[in-house]
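Letters go in sequence order (proteins before strands), and every chain restarts at 1. A quick note: this is a predicted structure, and the numbers were derived from the prediction, not measured.
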Protein chains: 2
Amino acid sequence: MSRSNPRVLSTLERAGGFASAQEIYRLMQREGESIGLTTVYRALQSLVNDKIVDVLRRDDGEAIYRLCGEAHHHHLVCKGCGDTVEIEGGAIEKWAKAMAEEHGFRDVGHTAEIFGLCTKC
Amino acid sequence: MSRSNPRVLSTLERAGGFASAQEIYRLMQREGESIGLTTVYRALQSLVNDKIVDVLRRDDGEAIYRLCGEAHHHHLVCKGCGDTVEIEGGAIEKWAKAMAEEHGFRDVGHTAEIFGLCTKC
DNA sequence: TACGGAAATGAAAATCATTTTCATTTGTGA
DNA sequence: TCACAAATGAAAATGATTTTCATTTCCGTA
């Protein structure tokens, strides 16, 4: 039943634990691996079901997959040049947890991104 | 130059200040307004450029538009039934501001959503 | 008022990520 | 070796969004 294709997982790891389905597919192609796009999508869905990876959304709506267990962090993105800084989000974790409790939600995750203009732009 | 069609804006308002382009289009159709989907998309883009509305993404990747100036808040969304609770995000505002300052970013905005399972699910 | 060009409009086609379908291949246990 | 379930992937379907392009609406000016 588990379609968690190990080659897909290892490619996601090699990609820095952060990539879209299309990127993983292209990466595997480039490395000469024989795999279909469908299989990549199915493997990723399966990994998500098994809670081995998380999904989030890029600004353009494309889904990106991230290894769970990766140090959880957030991003500060420049609207001008696209530069991205990884930032720590301790405050967010606490906030998310508190809000979830307050409303009786369980099994919660969250997304949080900050965007603005960096010094250069 | 401004394509911020006022009918689209007023429909977005009537929708509770929160809807996808497709929803706005369907709503206008149902109300007998004559408008094309293309125009709805263009109007929304224009409203975003003019900073009259914000864009964010639903879990399925569809873009949803929200009136700026609406009291700024965040969402707690149930992955099971889709139920959404508006929550206050004072902690986030402070966090975003602090992080932006720390890295010299200006003109910053942010997104933050929490998702999990509600009591019923 | 008539003219000319700029902006707005929308139908249809193009794009792109993602999902579904379906026929084929692979793996596994009896 | 056989039969059958699971895996695979090509191709088609889907759905949101964008682009193209021909037409229409506006507006300022002669």
D:dT17 phosphate, OP1 or OP2, under 4.0 Å from B:Tyr41 side-chain N/O: yes
Return a table of donor-acceptor pairs under 3.5 angstrom between the side chains of residues 22-30 of chain A and protein atoms on other chains or two or more places apart.
from    : atom 1 : to      : atom 2 : distance (Å)
A:Gln22 : NE2    : A:Tyr41 : OH     : 3.0
A:Glu23 : OE1    : A:Ser20 : N      : 3.0
A:Glu23 : OE2    : A:Arg58 : NH2    : 2.8
A:Tyr25 : OH     : A:Gln29 : NE2    : 3.4

Could you give the CG-to-P distance, from A:Asp59 to D:dA16, as a whole number of Å? 20 Å
Mind checking if B:Gln22 touches a base, just sugar-phosphate, or nothing, with heavy atoms under 4.0 Å? base
Just to confirm, is there a sub-4.0 Å distance from OP1 or OP2 of D:dT8 to any side-chain nitrogen or oxygen of A:Thr39? no
B:Glu102: what forms a salt bridge (charged side-chain N to carboxylate O under 4.0 Å, His left out) with it, not counting sequence neighbours? none
Roughly, in whole Å, what's the span from CZ in A:Arg42 to C1' in D:dT8? 6 Å
Return the value, rounded to whole Å, for the distance between atom OH of B:Tyr25 and atom P of D:dA16. 12 Å
From CZ of A:Arg7 across to C1' of D:dA7 the rounded distance in Å is 11 Å
Would you call A:Arg7-A:Glu33 a salt bridge at under 4.0 Å N-O? yes
List in chain and number order the residues that pass salt bridge (charged side-chain N to carboxylate O under 4.0 Å, His left out) with B:Glu101, two or more places apart in sequence or in another chain; answer none if no residue qualifies. none
Just jot down the side chain to side chain donor-acceptor pair (under 3.5 Å) partners of B:Gln45, sequence neighbours excluded, or say none. none
For B:Thr11, give me all partners under side chain to side chain donor-acceptor pair (under 3.5 Å), at least two apart in sequence or on another chain. B:Arg14
The helix from C:dT1-D:dA30 to C:dA30-D:dT1: angle between its terminal axes, five pairs each, to 10°? 0°
Among residues at least two apart in sequence or on other chains, which ones pass ring pair (Phe, Tyr, Trp, His ring centres under 6.0 Å) with A:His74? A:His72, A:His110, B:Trp95
Heavy atom of residues 31-38 of chain A under 4.0 Å from DNA chain D: which residues? A:Ser34, A:Ile35, A:Gly36, A:Thr38
Taking the side chain as every heavy atom from C-beta outward, state whether B:Arg66 and B:Val53 have any pair of such atoms under 4.5 Å apart. no
Take atom CD1 of B:Ile64 and atom C1' of D:dA16, then tell me their distance rounded to the nearest Å. 14 Å
Using atom CG of B:Asp60 as one end and atom C1' of C:dA17 as the other, report the distance to the nearest whole Å. 12 Å
Euclidean distance, atom CD1 of residue B:Ile24 to atom P of C:dG10 [Å, nearest integer]: 15 Å
From CG of B:Leu44 over to P of C:dG10, roughly how many Å is that when rounded to an integer? 14 Å
For a quick test of reading the model: is some side-chain N or O of A:Gln45 closer than 4.0 Å to OP1 or OP2 of C:dT19? yes
Given D:dT18, C:dA17, D:dA7, which nucleotide is nearest the side-chain atoms of A:Arg3? D:dA7
Quick one: side chain to side chain contact (heavy atoms under 4.5 Å, CB included) partners of A:Ala43, sequence neighbours excluded? A:Asn5, A:Val8
